[in-house]
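Scope of the values below: all heavy atoms of this structure, side chains included, with no hydrogens, waters or symmetry mates. None of the values given here were measured: they were computed from a predicted structure. The chains referred to below are lettered A, B, ... by the order of the sequence lines, with proteins before strands, and numbering in each begins at 1.
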Protein chains: 2
Amino acid sequence: MSRRRQSVTIRHVAADAGVSLQTVSRVINKEAGVRPEMQQRVQASIEKLGYVPSLAAQRMSGSRSYLILALNDRERTISDWQKREGGDWVGQMMLGGCTACAEHGYRMIVELIDTNSANIERELAGAIAALQPDGAILTPPHSQNQDILDYLHKAGIKIARIGSQTPGPGFCITMDDEGGARRATEHLLTLGHRRIGFIAGPEDYELSAWRVAGWKAAMAAAGLPTDDLLVTGDFTYASGLEAARNLLDHARPSAIIASNDQMAIASLAVVRGRGQSVPQDLSIVSFDDTPIIRYATPPITAVAQPIAAATEKAARLIIAACASNAKGDSSELEMANVASDLVLRESTRAVKN
Amino acid sequence: MSRRRQSVTIRHVAADAGVSLQTVSRVINKEAGVRPEMQQRVQASIEKLGYVPSLAAQRMSGSRSYLILALNDRERTISDWQKREGGDWVGQMMLGGCTACAEHGYRMIVELIDTNSANIERELAGAIAALQPDGAILTPPHSQNQDILDYLHKAGIKIARIGSQTPGPGFCITMDDEGGARRATEHLLTLGHRRIGFIAGPEDYELSAWRVAGWKAAMAAAGLPTDDLLVTGDFTYASGLEAARNLLDHARPSAIIASNDQMAIASLAVVRGRGQSVPQDLSIVSFDDTPIIRYATPPITAVAQPIAAATEKAARLIIAACASNAKGDSSELEMANVASDLVLRESTRAVKN
DNA sequence: GTGAAAGCGCTAACAA
DNA sequence: TTGTTAGCGCTTTCAC
C-alpha cells in the first residue's frame with residue numbers, strides 16, 4: 001500500500017491494442033498521422049481498461065502539466081472567506097475556470113500570493129517549481145504586477161490577466177467596466193436623473209478609471225456636467241460613508257453610482273441616516289453584484305462583474321495557447337472583453353418630479 | 001520555450017553541495033540519518049539556488065503526490081456558485097484546507113463529482129488516475145457513499161469524511177451537530193421558552209438525526225415533551241415554508257429551531273406572512289450560519305457549522321497519516337469532532353410573559 | 001504511419 | 001551515514 005502505482009498505464013493499453021506505446025501516446029494527444037483504424041482500436045482499449053493518463057508522468061516527460069494556477073491576493077481572499085459575508089470572487093472563478101478546464105482535462109488550482117510582501121517572488125517561484133503549471137490566471141492587483149508578469153513570462157508560463165490592460169505579456173481580459181458604467185448611467189438618465197454622483201474606486205485599480213470613464217461618457221453624451229459629482233473612495237465601507245456624505249452635502253445628486261458593493265451599501269446607510277429613503281429620495285446603483293446587495297433593503301441595482309465568464313475566457317485562452325504552442329506558433333498578445341450586465345433591482349426609480 | 005524544464009533540480013543542489021542526489025532527497029524529506037553538518041550544507045544550497053522539488057517527479061518516483069482532493073457534490077456546488085446567494089461551503093473548505101496544506105507543502109484541489117450518476121465511479125477513477133492524490137476529503141453526501149469509500153480505500157488513498165459516522169474506511173470528522181442543537185435549545189430554554197419546535201433535515205443526511213438528538217436531549221433534560229414539536233423538511237426553502245406552517249398551525253411553539261438556513265428564512269417569512277414578527281412573537285434559531293442569515297431582518301441566531309475547522313482537521317489527519325504511513329504503521333479509524341458555535345443575533349428573545 | 005530508445009526529476013532499494 | 005542503481009509513466013527524439 002505504501003508504494004502506490006498507476007493501475008492502468010499506457011503500457012497496458014498498448015499491449016491490449018497490440019500497438020506500441022508511441023501509438024497510444026499519439027492517440028491520447030490527438031496527434032495527426034494515425035490511421036483511423038489504429039486510432040479506434042486504441043481508443044477501444046482505453047475505454048475498456050478505463051485508462052486515464054497520469055498528469056505527473058505527462059508533465060515529467062516534458063509535455064503539458066494540465067494545471068492552471070488561479071493567482072489571488074492572499075490577504076483579500078482569506079479575509080473574504082473569514083468574514084463570511086458572501087464575497088464570492090474565488091467561487092465565481094472556480095465556476096468559470098472549472099467549466100473550461102474540465103472540457104480539456106485541465107485542473108485549476110487556487111494559489112494565494114501575498115501582494116505586499118518582499119517574498120512575493122519566492123512564493124510564486126515555489127508554486128511554479130512545485131506545480132509547473134501550464135498557465136496562470138491573474139486577478140487584480142497581481143494582474144498588473146510587473147514582477148509577477150515577468151517571472152511567469154520568463155518561466156514560459158501562459159498568462160491570462162483579468163482586469164488589467166497594462167502593457168506586458170499575456171492575454172488581457174476586461175470585464176466591460178466602462179460599458180457597465182455607461183449602461184448604469186444611461187439607465188438613470190432614462191429615469192430622468194440629471195445629477196448623478198459617482199463614487200470612484202482607488203486609483204491603483206485600473207478598473208476604477210474605466211468605470212469613471214463610462215459614467216463620464218454617458219453624462220457627456222447627455223450634455224451633462226460631471227465636475228462636482230465625482231468623489232473617490234477605496235472600496236471600503238468606511239470610505240463609502242465618507243464619499244456619500246460628501247456627495248450629498250455638496251453636490252446634491254438625485255442618484256449615486258458606487259464603484260463597488262461595499263460603498264453602495266454605505267451610501268444606502270448614509271441616506272437612511274438622514275431620514276431619507278432609497279429609491280424614493282435617491283437612487284443607487286452598485287458595481288460587482290456580490291451577494292451582499294441582494295440582501296440589502298432595498299435590493300440594489302448593480303452592474304454585475306462577470307468574473308465567472310472572465311475566468312472561463314482566461315482558461316480557454318490559456319488552453320488554446322498551450323495547444324497551438326505545441327504546433328509551434330507563438331501566442332500573440334490578445335485582448336478580450338466579456339460583457340457585464342446591469343441587474344435591475346429596487347434601488348432605482350424615476351427622479352422626484 | 002516549448003519544452004519547459006525544471007530550472008533547478010535536485011542534481012544542481014547535489015552538485016552545489018557536493019553530495020549525492022540521495023542525500024539531498026533525504027534532506028528534502030526530513031529523513032533521519034543525515035549528519036547535521038551535511039544537512040546544513042544541503043539546506044544552504046537549497047536556499048541559495050531557490051530549489052523547490054517538482055511534485056510531478058516526486059509522485060512519479062512512487063512517493064507522495066502532495067495533492068489532496070476535496071470531493072464535493074457537483075450539482076449542489078455549481079448551483080451555489082451560480083445563484084450567488086452567498087453559499088460559501090467550498091470557500092470555507094478552502095479556507096481551512098489551504099491553511100493546513102500550506103504548512104506541509106500540500107495542495108488541495110476541489111473536484112466535483114456527480115452524486116446521482118451511473119458514472120460516479122468513472123468520474124472518480126478519472127480524477128484519481130490523473131492526479132493520484134494522497135488523500136481525499138469527502139463531504140456529504142459523498143462522505144457516506146460506500147462505493148466512493150471503497151474505491152478510494154482500494155486505491156490506497158487516505159480518506160477523511162466530514163459529517164458522517166457510517167462505518168467504513170477513513171477518518172470521520174463531525175461538526176458537533178448534536179452539541180450545537182443542544183446549546184441552541186438550552187439558549188431558548190434560558191429565555192423561558194417551553195414550546196420549542198424543531199424542523200429536521202432529510203433523513204438521508206446523517207447530521208439531520210444528530211441535530212434532532214441534541215434538541216431532544218436538551219428538552220428531555222428540562223423535562224419537556226417533544227412529541228408534536230418535530231416536523232421534517234428537506235433543506236429547501238419550500239419545505240421550510242410548509243414545515244413552519246405545520247408547526248405554527250398545530251403545535252403553537254414560541255420558538256423554532258430550523259436545521260438549516262434556508263428553512264429558517266422560510267420560517268421567518270411564514271411568521272411575517274401571518275402578521276407577526278420575530279423575535280417579538282416567535283424566536284428562531286438556524287443551523288449552518290451561511291451569509292444569507294446575516295442579512296435577514298432580523299439577523300438570525302444560528303449554530304455555525306465549522307466547515308473550515310473541519311476541513312483543516314481533515315487535511316491534518318490525512319497529512320499525518322501520509323507521514324506515518326511512510327514509517328510503516330497503518331492508520332486506525334479515528335473520530336474527530338470540531339466544535340460548533342452558537343452565534344447570538346436578534347432573532348431570539350425571552351418568551352412573551 | 002509506426003516503433004524503439006532515451007530521458008524527464010525524483011525516490012526506493014540496495015550496496016558501500 | 002552516504003552513494004549507486006534502477007525505474008516510476010509518459011513524451012520526445014529518431015529510426016524504420
Here the residues of residues 12-38 of chain B within 4.0 Å heavy-atom distance, strictly under, of DNA chain C are B:Gln22, B:Ser25, B:Asn29
- request: Taking atom CD of A:Glu75 as the centre, report whether more than 12 heavy atoms of other residues, nucleotides or ligands fall under 6.0 Å from it.
  value: no
When rounded to whole Å, the CE to C1' distance for the pair B:Met60 and D:dG7 reads 9 Å
Rounding to 0.5 Å, atoms OG1 (B:Thr311) and CG (B:Leu95) come to a distance of 8.5 Å
On a heavy-atom basis, the closest approach of A:Arg76 and A:Pro140 is NH1-O, 4.3 Å
Rounded to the nearest 0.5 angstrom, the SG-CZ distance for B:Cys322 and B:Arg64 is 7.0 Å
Residues 314-323 of chain A vs salt bridge (Lys or Arg N to Asp or Glu O under 4.0 Å), sequence neighbours excluded, gives A:Glu103-A:Arg316, A:Glu312-A:Arg316
Residue set satisfying salt bridge (Lys or Arg N to Asp or Glu O under 4.0 Å) with A:Glu123, at least two apart, ordered chain then number -> A:Arg74
To the nearest angstrom, the CZ-C1' distance between A:Arg59 and D:dT11 comes to 11 Å
Sequence neighbours excluded, the answer for side-chain contact (heavy atoms from CB on, under 4.5 Å) partners of A:Ser20 is A:Gln22, A:Thr23
From the list B:Asn72, B:Asp73, B:Thr77, side-chain hydrogen bond (donor to acceptor under 3.5 Å, both in side chains) with B:Trp89 holds only for B:Asn72
A:Gln132 CD to C:dC10 P, in whole Å, measures 8 Å
Any side-chain heavy atom of B:Ile159 within less than 4.5 Å of one from B:Phe171? no
Rounded to whole Å, CD1 of A:Ile10 lies from C1' of D:dC8 at a distance of 13 Å
Rounding to the nearest 10°, end axes of the helix from C:dG1-D:dC16 to C:dA16-D:dT1 built from five pairs each make an angle of 30°
The correct set of residues in residues 50-58 of chain B placing a heavy atom under 4.0 Å from DNA chain D is none
- Check the side chains of B:Thr174 and B:Gln165 for a donor-acceptor pair under 3.5 angstrom, ignoring hydrogens and angles. no
